[in-house]
Amino acid sequence: MHAYRTHNCGQLRSNHAGQSVKLSGWVFRKRDHGNLLFVDLRDHYGVTQVVVDRDSSAFALIEGLKLESVVAVDGQVLSRGSDKINPELPTGEIEVKASKVELLSEAAELPFPIFGNAEYPEDIRLRNRFLDLRREKLHENIVLRSQVIASLRRRMIDEGFTEFQTPILTASSPEGARDFLVPSRVHHGKFYALPQAPQMFKQLLMVAGFDRYFQIAPCFRDEDARADRSPGEFYQLDFEMSFVTQDDVFAAIEPVLHGVFDEFSKGRAVTPPPFPRITYKDSMLKYGSDKPDLRNPIEISDVTEIFRGGPFAVFAKSIENGAVVRAIPAPAAGTRARSFFDSANQWAKDEGFAGLAYINFKGGEGGGIAKNIGAERVAQLVSQMNLGPNDGVFFACDKPLNAAKLAGLVRTRVGTELDLIEKNTFKFCWIVDFPMYEWDEIDQRVIFSHNPFSMPQGEMEALETMNPLDILAYQYDIVCNGIELSSGAIRNHKPEIMYKAFEIAGYDRSVVDEKFKGMINAFKYGAPPHGGSAPGVDRIVMLLADEPNIREVILFPMNQKAEDLMMGAPSYVSEKQLRELRIAIVGDPHKSN
RNA sequence: GGGGUCGUAGCUCAAUUGGUUAGAGCACCGGACUGUCGAUCCGGAGGUUGCGGGUUCGAGCCCCGUCGACCUCGCCA
């Protein structure tokens with residue numbers, strides 16, 4: 001007989017009855033009746049009930065076992081009587097009567113129970129991640145993650161993509177996020193950087209003629225965490241294709257994403273390809289966001305003209321100074337208590353906006369600011385927005401970007417409070433036609449709004465003739481349920497257009513030659529037109545696992561302050577290590593500077 | 001760096017308006033029990049109420065500071 005097991009803990013059924021077997025696993029749960037006791041033995045595959053009575057030589061050992069100790073059990077498979085079957089358990093028709101129990105590893109008292117799905121403080125969970133990972137939900141999430149990644153790989157390979165590994169130690173680059181730096185021992189004063197994404201490498205693979213690349217790529221960015229953003233590192237399904245238009249990229253990745261979501265949807269609906277395409281401009285107007293949650297049926301309207309020159313002086317005056325008014329309907333909310341509307345106003349102020357005006361209709365009669373603007377303009381609103389007799393409507397008045405942002409937040413808030421968000425569905429869309437540049441208010445200059453390697457629409461002619469802020473890029477995002485899954489672009493593969501694009505953002509030729517040396521040089525030797533994208537793997541798994549926090553789908557995540565509480569990272573290093581790197585720590589490292 | 005929420009037993013939570021000895025469940029320890037599957041029953045141990053200061057006759061509760069966790073803004077081409 002095998003040293004540890006003949007079967008796993010999820011395997012035995014009534015047709016095994018009578019067999020002598022050996023199982024190994026963790027003591028999940030004990031039910032001690034004094035002269036008879038039950039142990040639920042658990043491994044990766046399932047749970048099997050082990051029974052032992054006073055007559056057995058194993059009784060004394062098993063009675064004293066602590067939960068989560070690891071044991072090997074020899075015994076005989078018995079059919080349970082019909083009144084003793086546990087329908088909750090796949091192995092519930094049988095039990096193993098133990099004849100011999102061997103303690104393989106004893107467990108100390110646990111910081112939190114493995115059984116059940118109660119919530120525990122995250123720092124304790126992170127410190128004891130190996131225990132947390134034994135718990136059902138997290139264990140399942142991680143298995144799901146593995147299955148999702150396997151499915152993505154299979155689907156990409158089936159579509160003719162080839163997987164490559166790109167370097168982890170590479171060069172720091174300007175633009176983008178803060179880099180993680182790695183000091184060079186050999187080159188005094190020089191540093192490697194961990195890749196924020198394999199962006200330039202994948203473009204070089206296209207120049208190298210590989211045609212279709214993908215990778216489950218680790219990406220490193222030294223930025224602060226969010227619930228949906230793990231600090232430090234995350235994974236992307238990074239891909240790139242040669243000789244393609246934007247539509248070709250969409251057509252390649254849509255079936256992969258639809259397929260993987262459908263495969264693991266557990267009955268939830270998934271937008272069928274082709275996914276809706278919404279321009280950045282329309283999205284900002286109708287949804288107040290560049291990552292709209294299309295499960296929310298509310299659409300925002302621009303009603304600036306209705307308020308222009310009107311009697312509601314606060315708005316009229318702001319409009320003269322360049323503000324716009326965005327209206328967010330709250331269907332059938334007109335009859336709600338006044339506090340529904342007033343609390344929204346207070347909330348908007350707390351969020352840092354000037355405030356929120358509103359009209360609440362009751363039987364067609366408008367309250368709120370209706371009396372301030374007069375019956376004619378109210379009628380125009382009702383007509384333009386197609387409002388019902390008992391609808392509410394909020395108004396955000398501000399400079400266009402701020403008005404859009406506030407309107408978007410109101411849309412989400414109202415949709416959530418009125419329970420309008422469609423359930424059990426994954427709603428995908430593409431956001432297309434992002435602007436190439438934007439205005440940086442702080443530095444008072446033009447900056448790249450997304451990827452500096454994107455091809456501007458209109459190419460060189462657009463760069464030479466248009467106002468930079470009006471130039472669009474072949475730059476697109478995939479959004480699912482309000483979460484940005486992916487950002488991508490058709491790249492700029494022409495050196496002269498690249499120099500010009502960077503010149504507009506304030507980088508002269510020599511900077512491009514120095515900072516993007518590998519790529520700009522490569523483009524001078526025959527580069528195919530190419531483009532791609534990089535859906536976030538962690539976020540895909542989050543959506544499929546229905547987890548609001550990204551740490552629930554990562555094996556060993558860091559906490560919000562980018563510490564690994566289990567391994568103790570980051571940590572101080574020895575003087576010898578620092579000397580080799582010729583690094584001196586300045587200031588008192590025990591104080592934050 | 002800014003804002004918000006929270007911090008009571010190993011864990012989840014409770015404790016009337018500021019009022020007697022800070023309670024319960026799970027886990028732990030001891031005892032009883034041969035059909036449980038969140039076993040049950042009896043008993044026990046377990047507390048500097050995050051930390052420091054203040055107000056008060058009296059503080060888990062109020063005030064100030066501080067530390068920590070999470071959420072968020074900045075940041076994330």
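Numbers restart at 1 for each chain; the letters A, B, ... are given by sequence-line order, proteins then strands. Keep in mind that the numbers below use all heavy atoms, side chains included, and drop hydrogens, waters and symmetry copies.
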For this session: Nearest whole angstrom, please: distance from the P of A32(B) to the CD of Glu63(A).
Result: 9 Å
For this session: Kindly indicate whether the side chain of Glu95(A) and the base of G35(B) share any N or O donor-acceptor pair separated by less than 3.5 Å?
Result: yes
Problem set entry | Atom P, compared across G65(B) and A22(B): separation rounded to whole Å | 30 Å
For this session: Nearest whole angstrom, please: distance from the P of G68(B) to the CD1 of Ile124(A).
Result: 17 Å
Exercise. With distance as the sole criterion, do the side chain of Arg54(A) and the base of C33(B) form a donor-acceptor contact below 3.5 Å?
Worked result: no
Problem set entry | Donor-acceptor pair (no angle test) under 3.5 Å: Arg80(A) side chain, U36(B) base | yes
Problem set entry | Any N/O donor-acceptor pair, Arg29(A) side-chain to C37(B) base, under 3.5 Å | no
Problem set entry | Side chain Arg125(A) and base C11(B) donor-acceptor under 3.5 Å | no
Exercise. Has His33(A) got its ring stacked on the base of G35(B), with centres under 5.5 Å and planes less than 30° apart?
Worked result: no
Exercise. Ignoring hydrogens and angles, does a donor from either the side chain of Asp83(A) or the base of G35(B) sit under 3.5 Å from an acceptor on the other?
Worked result: no
Exercise. For atom P, what is the distance between A32(B) and C71(B), given to the nearest Å?
Worked result: 48 Å
For this session: Would you indicate whether the side-chain heavy atoms of Met200(A) and Phe516(A) approach each other to under 4.5 Å?
Result: yes
For this session: Please state whether the rings of Tyr280(A) and Phe434(A) are parallel, tilted or perpendicular, taking 30° and 60° as the class boundaries.
Result: tilted
